[in-house]
**Student:** 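My questions all concern the structure below.
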Amino acid sequence: MIESGVELGERAEVDRNEEVASLFRRHYAPMCRLAYVILGDAGAAEEVVMEALVKTFSGWRRIKDLDRSEAYLKRAVVNGCRSKIRRKSIESRAAVILRSQAQTSPFATDPDQRETRREMWAAIQMLPERQRAAVVLFYYEDLPEAEIADILQCSIGTVKSQLFKARAKLGRSLGLTDGGADV
Amino acid sequence: MSDIETLVRETLRSNASAYVPGDLAEAEQTFVAHRRRRRAYRFAIAAAATGAAAVVAIALVSTQDIVKQDALPVGSQSLRVIDTVPVPAEPLAISAGPPGIWVASREAGEVTLVGRDGEIVRSYGLPGASEIVAGGARAWAGGQSGHVVAYDEETLEQIDFEVFNNMSASVVDMAVGGTMHGAAWSVDSAGCVMDLTNPGPDFDCNAPEGFDPEELQPTDVATDDDETWLLDGEQGELYQLRADPGVNEGRAVGTGPVDLPTTPRGKYADLLVAADAIWVTGEGGNMMRFDLETGERTYTELGGDYADLATGFRWVWALVGFEGADRGTVVRIDPETGEVVGEELTLSGKPSDITIDGGGASGIWVTLRDANEVARIEFENGDL
């Protein structure tokens with residue numbers, strides 16, 4: 001049976017929707033976790049991820065480019081998080097820190113270790129948005145510097161300097177030295 | 001790996017593991033609904049404007065009942081002025097943001113935030129204020145001598161860093177990027193192009209790399225989520241810009257004039273990126289729509305001598321002006337075809353700029369330069 005143009009269009013649309021739904025299911029939780037470790041706020045993280053998913057998968061041009069969807073999405077999530085951070089006032093940032101203290105992972109059973117991680121988590125949340133994004137992409141996502149530079153729209157040198165500054169700041173916050181890490 | 005690096009890694013991973021995202025099925029439902037709604041309007045516009053049976057059929061299959069809910073009002077609804085608000089002298093530029101409507105008044109040297117109820121919320125001094133754009137939780141304003149300031153839209157405090165003062169001449173246009181860039185672009189009459197949120201290492205103004213700053217006369221900059229575009233209205237040339245991460249941090253890098261030799265041109269040329277298309281207006285009220293997907297160009301004569309463009313409430317809008325005349329018109333344009341839809345609205349008081357307050361849903365706002373007012377506009381039936 002020969003399908004009409006309309007039927008072909010319908011079928012293509014159904015296939016596309018299924019593909020997008022499958023991408024949504026694959027990316028939703030990992031992207032939420034990425035946004036969460038940048039923002040330290042579950043509600044805000046899910047909001048940013050939903051916005052990024054809808055934008056990324058609503059334009060025809062992007063849907064045609066499904067192979068690059070993860071890269072698009074990661075950039076949209078990170079930039080969404082950075083915008084969110086910029087919007088927050090100092091007061092609301094402090095509130096996030098307070099909330100984050102209550103959400104510290106239960107997996108560190110040693111009280112000293114738990115306390116150190118709680119302090120580190122709070123210190124990460126106080127980093128400027130670009131340093132925070134660089135730290136998360138490097139230490140949590142394990143991305144190479146070139147890929148981080150692409151996501152943050154800056155040079156590799158800037159990524160290195162942002163990581164260096166972030167480590168120095170985190171070290172000072174916790175009274176630790178960097179130990180000459182070479183990144 | 002140092003102690004700090006180990007601790008950072010462990011901290012991030014343990015916190016990520018402890019966090020459980022919300023219910024996936026519920027999130028997927030929300031996602032599908034949002035996505036359908038975003039896409040439905042494109043189909044609805046195409047169907048309503050062309051009446052093509054195949055498009056209608058696909059639209060109905062794709063969007064089902066959502067098309068019926070979101071179908072665009074097409075036809076003869078008339079626009080009307082709901083309200084006018086007095087503002088400081090010579091309002092030249094206007095932009096809608098979360099806290100209200102930002103207005104730049106050149107002669108008074110003030111930036112004013114007007115609430116949606118028509119009350120003045122706050123005023124700020126800025127000599128020669130002539131440009132304003134809101135986005136990314138900030139409003140950015142340009143004044144004389146390349147002076148640029150930003151206002152925090154949450155606290156309403158002025159953010160005034162030294163870097164913002166480095167535009168080399170009068171700011172001619174500004175634009176705020178979307179999710180992909182999150183940048184605030186500014187161009188001035190001396191060919192300076194700067195991403196204000198990500199300036200170069202020495203905070204220098206940069207012409208797009210590879211192009212002679214002496215020859216570049218940018219008249220407009222526009223962005224959407226993916227692209228930033230720069231228009232040299234005098235030459236009728238369009239440049240696509242990117243921040244090149246491998247070469248110069250934050251510098252505007254040109255990828256060359258886009259091959260649009262018949263681009264409308266003129267010193268009052270305007271540029272808009274919306275609905276997967278680039279829109280350019282030039283002298284004589286000519287408008288070009290360049291489809292970014294198909295490469296198709298369509299031309300519309302809007303009348304008048306020049307036209308400013310804006311988008312919102314699912315339409316593209318043009319404020320058409322007339323040299324030496326007091327009047328101007330607000331025109332509604334189909335974003336898919338570039339055709340004028342419905343009746344135009346004529347305004348007096350030398351209309352000079354237009355913004356659409358889609359986020360705040362308060363309507364269309366236009367500055368009336370000689371009347372020292374801003375006008376709020378909507379359809380007569382109250383539906384935008």
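Quick note on labels: first sequence line is chain A, next is B, and so on, each numbered from 1. These figures come from a predicted structure and were not determined experimentally.
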**Student:** Looking at A:Val78, A:Val159, A:Val37, which one has more heavy-atom pairs under 4.5 Å with chain B than the rest?
**Tutor:** A:Val37
**Student:** If we only count heavy atoms from C-beta on, is the B:Leu12 to A:Trp121 side-chain gap below 4.5 Å?
**Tutor:** yes
**Student:** Quick check: do A:Phe24 and B:Leu24 have side-chain heavy atoms less than 4.5 Å from each other?
**Tutor:** yes
**Student:** For A:Val136, which atoms come within 4.5 Å of any heavy atom of chain B: side chain, backbone, both, or neither?
**Tutor:** both
**Student:** So which heavy atom on A:Met120 is nearest to which on B:Leu7, and how close?
**Tutor:** CE-CD2, 3.6 Å
**Student:** Between A:Leu174 and chain B, which part of the residue has a heavy atom less than 4.5 Å away: side chain, backbone, both or neither?
**Tutor:** side chain
**Student:** Less than 4.5 Å to any heavy atom of chain B: does that hold for the side chain of A:Tyr28, its backbone, both, or neither?
**Tutor:** side chain
**Student:** To check you understand the geometry: which heavy-atom pair defines the closest contact between A:Arg33 and B:Pro21, and what is its length?
**Tutor:** NH2-CD, 4.0 Å
**Student:** For residues B:Gly22 and A:Glu46, report the shortest heavy-atom separation together with the two atoms involved.
**Tutor:** N-OE2, 3.2 Å
**Student:** Restricting to non-hydrogen atoms, name the atom on B:Ile4 and the atom on A:Arg167 that form the minimum distance, rounded to 0.1 Å.
**Tutor:** CD1-O, 3.9 Å
**Student:** Are B:Val8 and A:Phe138 close enough, and set up right, to give a side chain to side chain contact (heavy atoms under 4.5 Å, CB included), and what steps lead you there?
**Tutor:** CA-CA 10 Å; B:Val8 169; A:Phe138 190 77; over 6 Å; no
**Student:** As an exercise, state the distance from OG1 of B:Thr30 to CG of A:Leu53, rounded to the nearest 0.5 Å.
**Tutor:** 11.5 Å
**Student:** Would you name the heavy atoms of B:Arg9 and A:Asp142 that are closest together and state the gap between them?
**Tutor:** NH1-OD1, 2.5 Å
